[in-house]
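Just below is one structure, and these are the notes that go with it.
On a predicted model such as this, the values are computed, not experimentally measured, just so you know. Note: hydrogens, waters and symmetry copies are ignored here, and every other heavy atom, side chains too, is used.
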Amino acid sequence: MLTQDKQQRNWKPVIKALEAVLGKNGVVQRREELITYECDGLTSYRQRPALVVLPRTTEQVAEVVKICNKYSVPFLARGSGTGLSGGALPVEDSVLIVTSLMRQILNVDLDNQRIVVQPGVINSWVTQTVSGAGFYYAPDPSSQIICSIGGNVAENSGGVHCLKYGVTTNHVLGLKIVTAEGEIVDLGGQIPEMPGYDLTGIFVGSEGTLGIATEITLRILKSAESICVLLADFTSIEDAGATVSDIISAGIIPGGMEMMDNFSINAVEDVVATNCYPRDATAILLIEIDGLEVEVAGNKQRITEICHKNNARSVTSATDLETRLKLWKGRKAAFAAAGHLSPDYYVQDGVIPRTQLPYVLHEIRMLSEQYGYRIANVFHAGDGNLHPLILYDRSIPGALEQVEELGSKILKLCVKVGGSISGEHGIGQEKKCYMPEMFSATDLETMQWVRQVFNPKGLANPEKIFPTPRTCGEAANKATDKQFEGVERF
C-alpha cells in the first residue's frame, strides 16, 4: 500500500523527523496553510497534501526523502505550481517537497556557455543573469516570469523559441538529483556529450517519478547579431496554416512561429491592449527570425513573399527591442487573457504534423459547435503544438465532465493524424488515461520497468503518467488501483 488512512497513520514521528532537518518553519502542517498547495495550474483537480516541506539544499531534500522512505510516505516535488497537467497535484496523505526556496544561481561560466542553478530559480532569471554579457537561455514558456527551472526539467517544457533551439532537454547538460530512496547522484556533466547511457535524457520529462533535481547545469546561447519579428494577418486560417508549412519547406527555421485565431486576438487586445493585432483578422502569425544581419534580411524578404503568396493582408516587421517585445506581449499573455473571458478554462496540449493544421483546426471548430463551448486557439505553429483553450463555467453541474470529454476528442484527433497527446505540458494526472492511445501495453510495461529501477517503492510522485482503469476525472481525485494490463504500477 502506498498510502494509509489518515486516521491510522501516526504523523507525529514523521513531523518530528522533518522538523529536525528543516526546523519548525520548514514544515507546513496547518490545514488552512496547506490549501495553497492543493493543486497546480490545473485547478480542476484538487487534493490537499498531509504536509509541505521547504528545503533549501540538496542535502535537506535527501534527508526528507529518506524520512519518507522510512515511514512509507508518498512524496512529490513542486516548484512554482504553474504546471497544467496535474503533475504537482498531491496524492492523499503525501508530503509535498516545495523547492521554491532553492533559488540560488550557483555558478555562471560564460566562457563555456553554461550556468548552474537550483530548481527554484525562475526561468526568466537565467536570461536576466547573463543578458548583460550577451547571452540568453532559449526555452521560454509563456509562464517564464514565474515558472521554475525544476518544473521545466520535470515536464520538459517548451516555449515560443523552441522551434529552432529545442525544448528543455536540449539545454540541460547535467543534473544533481536525489533519487527516490534519498541518494544524491550526478547525471550528465559539464560538457554537451557524455559517454554511456543518456540518464539525463531519461530524467528530463520524467515528471518527478524518478527523483528530484536539486542542481541543474544549463546551456546558454550567445544572443544573435540581428533579430526581426514579423506579424502577418490572414482572413483564412487555412492560408495561415499553409504559410507555416511553406516557410519550413523553403528551408527557413524561424526562432519562433506562433499562430492565434480571431477569438484569441480579441481576448488579448481586450486585456493587454497592444494595439498591434488586427481585431478583424481570422488568424495572425508571429514569426521571429534571428542570425547574422545579412541572413535575417534575406529571410525577412522570403518570408514576406511567402505570406503574400498565401493571401496575407499585410506583413509588418520590427527590429528594435521595444517593438519586438510589444508584439510578443500579447502572445505571452494569451492564457491570462482567456481567464478574463470565462470563469474557467481547460487547456489542451496536443501536437500534430504541420501539414494537418487546417484539417485539425476545422475539426476543433466542429467539436466546439457540437458541444456548445467556445474554444480559443493559440499555438506554436512551427512545431504543430496546439493549445486549444475550452472556456466553461465549473459551477454549472456537469460542465467539467463535458469539457473533459471534448478535450479527450481533441487529443485523440491529434494522435489520429500522427501527432501526440502532449508537447510540453506533460502527462501528469490529467492525460494518463490517454497513454494507451499512443503506446501499446508492451510500451507502457517497458516504461514502468524504467520507473521501477529509479523508484522501487513507488513513493516518488505516484499515480502520475501511467493509466489506471478509472476515468481521468476519477483518477485525478483518487487513484487506488495498482494494476494496468497486468503490469504492477509504481
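Taking SG of C162 as the start and CD of E424 as the end, the distance is 7.0 Å to the nearest 0.5 Å. The line from CG of D109 to CD of Q190 is 7.5 Å long, rounded to the nearest 0.5 Å. We find the SG-CD1 distance between C433 and I421 to be 8.5 Å, quoted to the nearest 0.5 Å. Rounding to the nearest 0.5 Å gives a distance of 11.5 Å between CD1 of I216 and OG1 of T200. C228 SG to N299 CG: the interatomic distance, rounded to the nearest 0.5 Å, is 10.0 Å.
Although no hydrogens or angles enter the test, the distance criterion places a donor-acceptor pair under 3.5 Å between the side chain of K464 and the main chain of G87. A donor-acceptor pair under 3.5 Å is absent between the side-chain atoms of D261 and the main chain of A376, judged by distance alone. In this structure a side-chain-to-backbone donor-acceptor pair under 3.5 Å is missing from D239 to T235. Without hydrogens or angle criteria, D40 side chain to A88 main chain gives a donor-acceptor distance under 3.5 Å. Looking only at distances, no side-chain donor or acceptor of S249 sits under 3.5 Å from a matching main-chain atom of D246. The backbone N or O of G134 sits less than 3.5 Å from a side-chain atom of S223, completing a donor-acceptor pair. Not one N or O on the side chain of S131 forms a donor-acceptor pair closer than 3.5 Å with the backbone of Y136. Of the possible donor and acceptor atoms, one in the side chain of Y277 sits under 3.5 Å from a partner among the backbone N and O of L327. Without hydrogens or angle criteria, D349 side chain to G423 main chain gives a donor-acceptor distance under 3.5 Å. With hydrogens and angles disregarded, no donor-acceptor distance shorter than 3.5 Å links the side chain of R394 to the backbone of Y345.
Residue E293 places its CD atom among 12 or fewer non-hydrogen atoms of other residues, nucleotides or ligands, all under 6.0 Å distant. Heavy atoms from other residues, nucleotides or ligands lying under 6.0 Å from CD1 of I35 number more than 12. When the shell of 6.0 Å around CG of L101 is examined, it contains more than 12 heavy atoms from other residues, nucleotides or ligands. Other residues, nucleotides and ligands contribute over 12 non-hydrogen atoms within 6.0 Å of the CD atom of Q370.
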- request: Show your working on side-chain contact (heavy atoms from CB on, under 4.5 Å) between V417 and V360 and close with a plain yes or no.
  value: CA-CA 8 Å; V417 300; V360 170; 4.0 Å; yes
Going through the distances and angles, do N123 and N152 end up as a side chain to side chain donor-acceptor pair (under 3.5 Å)?
CA-CA 8 Å; N123 178 289; N152 293 169; 3.0 Å; yes
query: Step by step, would you call I375 with L391 a side-chain contact (heavy atoms from CB on, under 4.5 Å)?
result: CA-CA 6 Å; I375 301 178; L391 308 183; over 6 Å; no
Please evaluate residues I427 and E207 with respect to the criterion side-chain contact (heavy atoms from CB on, under 4.5 Å), reporting the C-alpha separation (whole Å), side-chain torsions for both, the decisive distance (0.1 Å), and the verdict. CA-CA 8 Å; I427 301 301; E207 304 188 30; 3.7 Å; yes
Run E430 and H425 through side chain to side chain donor-acceptor pair (under 3.5 Å) and show every step you take. CA-CA 10 Å; E430 177 203 17; H425 293 175; over 6 Å; no
Check: For W328 and E288, what are the C-alpha separation, side-chain angles and deciding distance, and is it a side chain to side chain donor-acceptor pair (under 3.5 Å)?
Finding: CA-CA 10 Å; W328 280 120; E288 181 169 295; 2.7 Å; yes
Is there a side chain to side chain donor-acceptor pair (under 3.5 Å) between K300 and S317? Walk through the geometry before answering.
CA-CA 9 Å; K300 174 185 173 182; S317 63; 3.2 Å; yes
Walk me through whether C307 and I303 qualify under side-chain contact (heavy atoms from CB on, under 4.5 Å).
CA-CA 6 Å; C307 289; I303 289 173; 4.1 Å; yes
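The side-chain contact (heavy atoms from CB on, under 4.5 Å) test with L175 singles out one residue from V204, D186, T217, and that residue is V204. A side-chain contact (heavy atoms from CB on, under 4.5 Å) with M260 holds for exactly one of N377, L285, I284; it is I284.
The two atoms that bring L96 and P49 nearest to each other are CB-CB, 4.2 Å, heavy atoms only. Between R313 and D233 the shortest heavy-atom distance is NE-OD2, 2.6 Å. Annotation for A138 and Y165: closest pair CB-CB, 3.9 Å, computed over non-hydrogen atoms. Nearest heavy-atom pair, S157 versus T168, reported as atom, atom and distance to 0.1 Å: O-OG1, 2.8 Å. Contact detail for A180 and N455: the closest heavy-atom pair is CB-OD1, 3.5 Å. Taking every heavy atom of both residues into account, L89 and Q47 meet most closely at CD1-N, 3.8 Å.
In this structure, K432 forms no cation-pi arrangement with F466, as its terminal cationic atom is not both closer than 6.0 Å to the ring centre and no more than 45° off the ring axis.
By the 4.0 Å N-to-carboxylate-O rule, D383 lies too far from K164 to be salt-bridged with it.
When only modelled atom types and interatomic distance are considered, D270 and N266 share no side-chain donor-acceptor pair under 3.5 Å. Side-chain N/O atoms of Y371 and E405 include a donor and acceptor closer than 3.5 Å.
Partners of F335 under the ring-ring contact (aromatic ring centres under 6.0 Å, His included) rule, at least two apart in sequence or in another chain, are H387.
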